[in-house]
There are 2 protein chains.
Amino acid sequence: MDDLDQEIKSISDNLSHVVPILGRIFIKGVRSKTNMTQQTLQTLGALWHHGKLTMTGIGHHLSVPKPHVTALVDRLIAEEMVERLNDENDRRIIYIQLTEKGRERFWEIKQIMTESLRASLLLVDKEKLHKLNESAQYINEILTEVGKTMIQNCSSSSECKKEIDV
Amino acid sequence: MDDLDQEIKSISDNLSHVVPILGRIFIKGVRSKTNMTQQTLQTLGALWHHGKLTMTGIGHHLSVPKPHVTALVDRLIAEEMVERLNDENDRRIIYIQLTEKGRERFWEIKQIMTESLRASLLLVDKEKLHKLNESAQYINEILTEVGKTMIQNCSSSSECKKEIDV
DNA sequence: ATTAATGGTTACAAAATTATAACTATTATC
DNA sequence: GATAATAGTTATAATTTTGTAACCATTAAT
């Protein structure tokens, strides 16, 4: 195993170990305070970040089967958190974007997430926080980039396999 | 808002944005290849990392209600992946640890996770990988530390509130 | 002009996750 | 010794998430 392999293995160990902790901070704690499901939270988060997304895009971002995205979005529309938007050039495509109400709501959610994180970091000193910030920034930068290029059109695990097994 | 607040807000934004991407790499992809649920994967991961954990400890680590931990562990015992272990001093406590089979199985799962990550990082150059490794290491170090001190005994959201609202 | 491919929906089923209440056994506290 | 607290289980229900297949409308390809 060469150096690069070793490095990827190390990244894998560290990042995978962090997943449940992040879930505890950013999902579980927030759910109980907002009555929103994980997928709803992540849908709003994706829309906040991207401005607008197609149905397929949302499914891709959350790794959720396409048919379920319809249900997910229907619920959010009923709550007036998001709205549909037709593409002018291709009438198959439907964009989803946050409504004003949705933006306000998700801004509040971001506050709650930040407070949840703050509570977890109470005992961490200033120096470490600063370094943590740089690390988080960098990881987000890289992963956001690779996130874009990850297998497109993977709206159900079967469709996914089809693409991967080529 | 002072500097420290600004910094925590930035960490919150960056880490929360990364959650669905990590889920895609380390959970969704792996589930379909292993027929294991997210919670099963994370239980094995926690046991791999900690050696042994009490039922309550597992619930805390995964933010899962205590009664559900019983079901979760029962399934893993049926598959001979983990085993119970009594505490000598306190007969209420039951430790759970990986069996030999469980260790082998999770080692394979770690391989799959690493491969999943490798596929995502294909286009990232060596320099960036190195910096990503350092960042991941640091984040894991800090979060593992705070993870330990996060609200103990929070095995259901209601119990959780009880603790928090003090 | 047919045919294939893409984006999205409908309908349905199965499995996983979350939430509670009530309970046993054991240990700690007064 | 009575009472409270802790660790874990049983039972049950509701909700969320995952997985398929078949389908419509629109666009791309031949």
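Chain letters run A, B, ... following the sequence lines, proteins first and then strands; every chain starts at 1.
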- Are any of the side-chain nitrogens in B:Arg92 or B:Asp87 under 4.0 Å away from the carboxylate oxygens of its partner? no
- Message: Has B:Thr54 got a side-chain atom pairing as donor or acceptor with B:Tyr95's backbone, closer than 3.5 angstrom?
- Response: no
- Message: Nearest heavy atom decides the nucleotide; on that basis, is A:Lys28 or A:Thr70 closer to the 5' end of DNA chain C?
- Response: A:Thr70
- Any ion pair linking A:Lys131 and A:Glu134 (charged N to carboxylate O, less than 4.0 Å)? no
- Under 3.5 Å, side chain of B:Asn14 to main-chain N/O of B:Ser10, donor-acceptor pair present? yes
- Message: Any residue in residues 81-96 of chain B with a heavy atom nearer than 4.0 angstrom to DNA chain D? Just list them by number, or reply none.
- Response: B:Arg84, B:Arg92, B:Ile93, B:Ile94
- Note on the structure: With the side chain defined as heavy atoms from C-beta on, A:Val64 is closest, among D:dT18, C:dT18, D:dT10, to D:dT18
- Task: Could you tell me how the ring of B:His61 sits relative to the ring of B:His50: parallel (under 30°), tilted (30 to 60°) or perpendicular (over 60°)?
- Result: perpendicular
- Message: Without decimals, in angstroms, what is the distance between B:Leu41 CG and D:dT18 P?
- Response: 13 Å
- Item | Note: A:Lys101-A:Glu104 ion pair, threshold 4.0 Å (strictly below) | no
- Task: Give the rounded distance in Å between these two atoms: CD1 of B:Ile27 and P of C:dT17.
- Result: 10 Å
- Message: By nearest atom, which of the nucleotides C:dT20, C:dT9, D:dT16 is closest to the A:Arg75 side chain?
- Response: D:dT16
- Task: Could you point out which residue of B:Arg103, B:Arg84, B:Glu83 forms a side chain to side chain donor-acceptor pair (under 3.5 Å) with B:Gln97?
- Result: B:Glu83
- Can you tell me how far P of D:dA11 sits from CG of B:Asp74, to the nearest Å? 12 Å
- Message: Looking at B:Thr37, I'd like to know whether one of its side-chain N or O atoms comes within less than 4.0 Å of OP1 or OP2 on C:dT17.
- Response: yes
- Please report how far the helix from C:dA1-D:dT30 to C:dC30-D:dG1 bends, comparing the axis fitted to its first five pairs with the axis fitted to its last five, to the nearest 10 degrees. 30°
- Message: Heavy atoms from C-beta onward define the side chain here; which of D:dT18, D:dA11, C:dT18 lies closest to that of B:Pro67?
- Response: D:dA11
- Item | B:Gln38 vs D:dT17: side-chain N/O to OP1/OP2 distance below 4.0 Å | no
- Once you round it to whole Å, what is the distance between C1' of D:dT17 and CE of A:Met36? 17 Å
- Task: Rounded off to whole Å, could you give me the CD-to-P distance for the B:Gln39 and D:dT17 pair?
- Result: 12 Å
- Rounded distance (Å) that lies between atom C1' of D:dT16 and atom CG of A:Leu72: 10 Å
- Item | A:His68 NE2 to C:dA14 P, straight-line distance once rounded to whole Å | 18 Å
- Query: Are the side chain of A:Ser116 and the backbone of A:Ile25 linked by a donor-acceptor contact shorter than 3.5 Å?
  - Reply: yes
Close N or O pairs between protein and nucleotides 1-4 of chain D (under 3.5 Å):
none

- Count the heavy atoms of every other residue, nucleotide or ligand shown that sit under 6.0 Å from NZ of B:Lys128, and state whether that count exceeds 12. no
- If only atom types and distance count, is the side chain of A:Arg31 paired as donor or acceptor with the main-chain N or O of A:Met36 below 3.5 Å? yes
- Message: Between A:Asn86 and A:Arg91, is the side chain to side chain contact (heavy atoms under 4.5 Å, CB included) condition met? List the steps.
- Response: CA-CA 7 Å; A:Asn86 291 318; A:Arg91 293 194 309 192; over 6 Å; no
- Task: Round to a whole Å and report the spacing from CD1 of B:Ile58 to P of D:dA7.
- Result: 14 Å
- Message: Using a strict threshold of under 4.0 Å (side-chain N to carboxylate O), is an ion pair present between B:Asp5 and B:Lys9?
- Response: no
- Item | Toward the 5' end of DNA chain C, by each residue's nearest nucleotide, A:Arg31 or A:Gly57 | A:Gly57
